[in-house]
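Reminder, nothing fancy here: chain letters follow the sequence lines and each chain counts from 1.
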Amino acid sequence: MALVKIREILDGNCNDKSVSVRGWVYRKREGKELIFLVIRDSTGVIQCTVKKASEAAWAEAQKLTIESSLVLDGLVKPDKRAPGGFEIAAEAVSIIGLADVFPIAKDKSEEFIRDMRHLWLRSRKMNLVMKVRGNVMEYTREYFKKQGYTEVSPPMFISAAVEGGSTLFGLKYFDQDLYLTQSSQLYLEILIYSLEQVFCIAPSFRAEKSRTIRHLTEYWHIEGEWPFATMDDLMKFEEGLMEHVCKRVAENCQKEFAELGADINKLAAVKAPFPRITYAEAIDRLKVKNPALNWGDDLGYEDEKVLAEDFGKPFFVYDYPTAIKAFYCKTYSDRPEVALSVDMMVPRIGEISTGGQREEDKEMLIKRMQAQGLKPEDYEWYLDLRRYGTVPHVGFGMGLERLLTWMLDLENIMDAIPFPRTTRRFYP
RNA sequence: GCCGUCGUGGCUCAGCCCGGUAGAGCGGCUGGCUGUUAACCAGUCGGUCAAAGGUCCGAAUCCUUUCGACGGCGCCA
């Protein structure tokens, strides 16, 4: 009796064989002479039949409730009547853990399944989304590593703000006040002086009271940083990363996309180079519909959406006004009002990544800090990077959950992470 | 922070506009039946209508406040 994963049966590799599956009861339909059990494991679901004639198995199957765990032995046959096309005729059923009445049933609201997240993660939908998520993380690492980047581990506890400071979560660290990081960028900047090309996939925390389908207070941030590079290198890297991840997902996640009803062709169509427009061009385009918009205004979500619908695929907007960008953004020497920064946008979600060239000149950096009301003395270690062998360098950060929300066309970013944290939700 | 929508058995909802003894489906339980596809049929259990206050002879329904959830803006990835 071979122990198999349900996927092996569904792939047609177990026909006319006696197998053993371990899993949980997904559905149960009970009759006088026949019980249908649909069993799930991490790899899929399979229908099993229990006949009254096999008395021991019948007695056990009668006791089973939805989500009870069990081991089931039986003979695999292809069967057109079974969902999935294969079926196990059960010979033995052994209950491992008999479940109480499962609270999640056919009728459920978003609110309810979010309160029941610890149980809802067993659903087909969450199972499939989490598999795609795992693959996207893997393919991201694959691309960085192929390009010679070293994965590094930045800290989550930090002692000073990375950008403004208003959106940082503060916390008590013994007797001191610390913060949770909102980006690992500054720490990656430290590491490039040792490792040159570095990246991380790490949590970032934002205390923004945003109430939208694309915001989390804790999200996973794909960040890269490297020296001796230009804006063109940066955009080429980012579009290369997107193309690689989309291609690999399109190759290996077909079953997941099909069952989720997501359009995998959208990913196959992601090819570098991506369209690039400057911020000034974006303003010109948007002015047609929104005459109130002027150079210097930040692009709102609605504006990004209008642009994104025009392109219908990922694209870049670059050369933003310095005034709306962070202190570390490098500016053009002949146009200090313009920063060497770039955002990647996708339809429906808007920004999924932000990056740019960092200011490598110490005096320029101090001026930018002062202009934004930041105290240079709070950033001594950051200024040291410009004192000891400064180099031109670039970097970017991409929101993993925003990427997934776009890829899978999820209704809400909360479904792109197993345990979403938002302004109002942090349970379980 | 501002704005909007919602809150009725375990779950999903109707009832609210126009006040007059709280309804259905699912789930549970009991029984029946069926190669079923989140089956079907019959019966049954189950609700201080989010909370507090007000108006009224009478409030799930009208008014006020609070709480919670969701979404939009701003901000961001």
Asks: What contact category does A:E208 fall into here, base, sugar-phosphate, or nothing, at under 4.0 angstrom with non-hydrogen atoms?
Replies: base
Asks: How many whole angstroms separate atom CD of A:E411 from atom P of B:G72?
Replies: 12 Å
Asks: For atom P, what is the distance between B:G28 and B:C70, given to the nearest Å?
Replies: 28 Å
Asks: A:P83 near the nucleic acid: base, sugar-phosphate alone, or nothing, with a heavy-atom cut-off under 4.0 Å?
Replies: base
Asks: Quantified in whole Å, what is the P atom distance between nucleotide B:C16 and nucleotide B:C62?
Replies: 9 Å
Asks: Under 4.0 Å between a side-chain nitrogen and a carboxylate oxygen: does that hold for A:K247 and A:E243?
Replies: no
Asks: Starting at the 5' end of RNA chain B, which residue's closest nucleotide do you reach first, A:K32 or A:F112?
Replies: A:F112
Asks: 5'-most contact on RNA chain B: A:I349 or A:R81, nearest heavy atom basis?
Replies: A:R81
Asks: Quote, to the nearest angstrom, the C1' distance that separates B:A60 from B:C6.
Replies: 15 Å
Asks: Check each residue of residues 301-323 of chain A for a non-hydrogen atom within less than 4.0 Å of any atom in RNA chain B, then write out the ones that pass by number, or none.
Replies: A:Y301, A:E302
Asks: Between A:I413 (CD1) and B:C76 (C1'), how many Å, whole number?
Replies: 11 Å
Asks: Does B:C16 have a Watson-Crick or wobble partner in any strand here, with both distances under 3.5 angstrom, and which is it?
Replies: none
Asks: Within the modelled atom types, does a donor on one side and an acceptor on the other bring the side chain of A:R211 and the base of B:G72 under 3.5 Å apart?
Replies: no
Asks: Between A:L168 (CG) and B:A77 (P), how many Å, whole number?
Replies: 13 Å
Asks: Let's see if you can work this out: which of B:G74, B:G35, B:A77 has an atom nearest to the side-chain heavy atoms of A:H221?
Replies: B:A77
Asks: Could you tell me the separation between the NZ atom of A:K108 and the C1' atom of B:G27, rounded to a whole number of Å?
Replies: 13 Å
Asks: Does the side chain of A:K313 come within less than 4.5 Å of A:V270's, by heavy atoms?
Replies: no
Asks: Considering only the P atoms, how many Å lie between B:C17 and B:C26, rounded to the nearest integer?
Replies: 29 Å
Asks: Once you round it to whole Å, what is the distance between P of B:G10 and CH2 of A:W120?
Replies: 21 Å
Asks: Looking at side-chain heavy atoms only, is the closest gap between A:R368 and A:T331 below 4.5 Å?
Replies: yes
Asks: Nearest whole angstrom, please: distance from the P of B:C76 to the CE of A:M344.
Replies: 19 Å
Asks: Stacking check: are the rings of A:Y219 and B:A77 less than 5.5 Å apart at their centres and under 30 degrees in tilt?
Replies: yes
Asks: Under 4.5 Å between any side-chain heavy atoms of A:Q185 and A:L188, yes or no?
Replies: no
Asks: Sort out the partner of B:A69 for me: Watson-Crick or G-U wobble, both distances under 3.5 Å, none otherwise.
Replies: B:U5
Asks: Considering only the C1' atoms, how many Å lie between B:A14 and B:A22, rounded to the nearest integer?
Replies: 11 Å
Asks: Are A:M130 and A:E256 side-chain neighbours, meaning at least one heavy-atom pair lies under 4.5 Å?
Replies: no
Asks: Under a 4.0 Å N-O cut-off, is there an ion pair linking A:K80 with A:E87?
Replies: no
Asks: Please measure how far the C1' atom in B:A59 lies from the corresponding atom in B:A77, and state the result in whole Å.
Replies: 48 Å
Asks: Paired with B:U21 by Watson-Crick or G-U wobble geometry, both distances under 3.5 Å: which nucleotide is it?
Replies: none
Asks: Could you check whether any side-chain heavy atom of A:R117 comes within less than 4.5 Å of a side-chain heavy atom of A:P420, counting everything from C-beta outward?
Replies: yes
Asks: Side chain of A:D79, heavy atoms from C-beta onward: which of B:C70, B:G72, B:G35 has the nearest atom to it?
Replies: B:G35
Asks: Paired with B:U37: which nucleotide, if any, by Watson-Crick or G-U wobble criteria at under 3.5 Å for both distances?
Replies: none
Asks: Considering only side-chain heavy atoms of A:N412, which listed nucleotide, B:C70, B:C33, B:C76, is closest?
Replies: B:C70
Asks: I want to verify a distance call: between B:C75, B:C70, B:G35, whose nearest atom is closest to the A:S210 side chain?
Replies: B:C75
Asks: Using only heavy-atom distances, decide whether a donor-acceptor pair under 3.5 angstrom links the side-chain of A:E30 to the base of B:U36.
Replies: no
Asks: Partner of B:U64 by Watson-Crick or G-U wobble geometry, both contacts under 3.5 Å, or none?
Replies: B:A52
Asks: Quick one: which of B:C70, B:A77, B:G35 gets closest to the side chain of A:L216?
Replies: B:A77
Asks: Is the A:F144 ring parallel, tilted or perpendicular to the A:F396 ring (thresholds 30°, 60°)?
Replies: parallel
Asks: Taking the P atom of each, how far is B:G19 from B:C2, in whole Å?
Replies: 34 Å
Asks: Would you say B:A39 has OP1 or OP2 under 4.0 Å from some side-chain N or O of A:R29?
Replies: yes
Asks: Nearest to the side chain of A:R114, heavy atoms from C-beta on, is which of B:C76, B:G35, B:G71?
Replies: B:G71
Asks: Distance check: side-chain N/O of A:S109 vs OP1/OP2 of B:U12, anything under 4.0 Å?
Replies: yes
Asks: In whole angstrom, give the distance that lies between atom CD1 of A:I113 and atom P of B:A38.
Replies: 18 Å
Asks: Going by an N to O cut-off under 4.0 Å, is there a salt bridge joining A:K77 and A:D79?
Replies: no
Asks: Nearest whole Å is fine: how far is B:U37 P from A:I46 CD1?
Replies: 18 Å
Asks: Return the nucleotide paired to B:A59: Watson-Crick means purine N1 to pyrimidine N3 with N6-O4 or O6-N4, wobble means G-U with N1-O2 and O6-N3, both under 3.5 Å.
Replies: none
Asks: Using the P atom as the reference point in each nucleotide, state the distance between B:A50 and B:U8 in Å, no decimals.
Replies: 6 Å
Asks: What is the base-pairing partner of B:G74, counting Watson-Crick and G-U wobble geometry with both distances under 3.5 Å?
Replies: none
Asks: Between A:D298 and A:K325, is there a salt bridge with N-O shorter than 4.0 Å?
Replies: no
Asks: Could you tell me whether A:T49 contacts a base, only the sugar-phosphate backbone, or nothing, with contacts defined as non-hydrogen atoms closer than 4.0 Å?
Replies: base
Asks: Contact class for A:E110 (heavy atom, under 4.0 Å): base, sugar-phosphate, or nothing?
Replies: nothing
Asks: Please determine, for the side chain of A:R425, which listed nucleotide (B:A69, B:G35, B:G28) has the closest atom?
Replies: B:A69
Asks: Do A:E8 and A:K5 sit within salt-bridge range, that is, some charged N less than 4.0 Å from a carboxylate O?
Replies: no
Asks: Heavy atoms from C-beta onward define the side chain here; which of B:U36, B:A77, B:G1 lies closest to that of A:K209?
Replies: B:G1
Asks: Of the nucleotides B:G71, B:A77, B:C73, which has the atom closest to the A:R214 side chain?
Replies: B:C73
